[in-house]
Amino acid sequence: MEQLTSFLPILLMIAVVYLFMIRPQMKRQKDEKKFAEELKRGDRVITKSGLHGKILDLNDTTVILESGAGKLKFERSALSLELTKKLNEPAKVEKKK
């Protein structure tokens, strides 16, 4: 019984690290993979560097975007899930009192 109580803090630390660090990272990776698989022509996206564009063509690893600068080729991994979600959210209208 005494050996179990000496290992309890170590086991507790491992559980905390898993719950607060490893599990959220795995969920984020899963969401980004799903986002990359669901992309289609005509979607409006934002890259991680901040470039706004519309998807013209998709390949296995690359995306061709149309922006104000013309047609640009990016890796799929360069597209930002968080920024694209914000772009495609319906605009919230504030009521005036």
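If you're wondering where the values come from, they're calculated on a predicted model, not measured in any experiment. We number each residue from 1, following the sequence as shown.
Going from atom NZ of K30 over to atom NZ of K34 covers 8.0 Å, rounded to the nearest 0.5 Å. Distance check, rounded to the nearest 0.5 Å: CD1 of I22 to CD of Q25 gives 10.0 Å. K48 contributes atom NZ, which lies 8.5 Å from atom CG of L79 (distance to the nearest 0.5 angstrom). Here the CZ atom belonging to F74 is positioned 11.5 Å from the CD1 atom belonging to I64, to the nearest 0.5 angstrom.
Considering all non-hydrogen atoms of both residues, Y18 and P24 come closest at O-CD, 4.2 Å.
The backbone N or O of K40 lies less than 3.5 Å from a partner atom in the side chain of D43, making a donor-acceptor pair. With T5 contributing its side chain and E2 its backbone, the two residues share a donor-acceptor pair below 3.5 Å.
For the pair I55 and V45, the minimum side-chain heavy-atom distance is below 4.5 Å. Counting only heavy atoms from C-beta outward, the side chains of N88 and T84 approach each other to under 4.5 Å. For the pair T62/R76, no side-chain contact is recorded, criterion being any heavy-atom separation below 4.5 Å from C-beta on. Taking the side chain as every heavy atom from C-beta outward, K73 and L65 never approach each other to under 4.5 Å.
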Next item on the list: Run the numbers on K33 and E37 for side-chain contact (heavy atoms from CB on, under 4.5 Å), then give the verdict.
Entry: CA-CA 6 Å; K33 183 178 179 182; E37 291 172 353; 3.3 Å; yes
Next item on the list: Step by step, work out the side-chain contact (heavy atoms from CB on, under 4.5 Å) result for D57 and V63.
Entry: CA-CA 6 Å; D57 192 23; V63 176; over 6 Å; no
Checklist line | Audit row: E82, E32, side-chain contact (heavy atoms from CB on, under 4.5 Å) steps and yes/no | finding: CA-CA 9 Å; E82 291 83 19; E32 287 200 20; 4.2 Å; yes
Checklist line | Criterion side-chain contact (heavy atoms from CB on, under 4.5 Å) on L72 and S67, from CA distance to verdict | finding: CA-CA 7 Å; L72 301 167; S67 69; 3.7 Å; yes
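Surrounding NZ of K54 are at most 12 heavy atoms belonging to other residues, nucleotides or ligands under 6.0 Å away. Applying the 6.0 Å contact sphere to CD of Q3 captures no more than 12 heavy atoms from other residues, nucleotides or ligands.
Classification of D31 and R28 as a salt-bridged pair fails, no side-chain N sitting under 4.0 Å from a carboxylate O.
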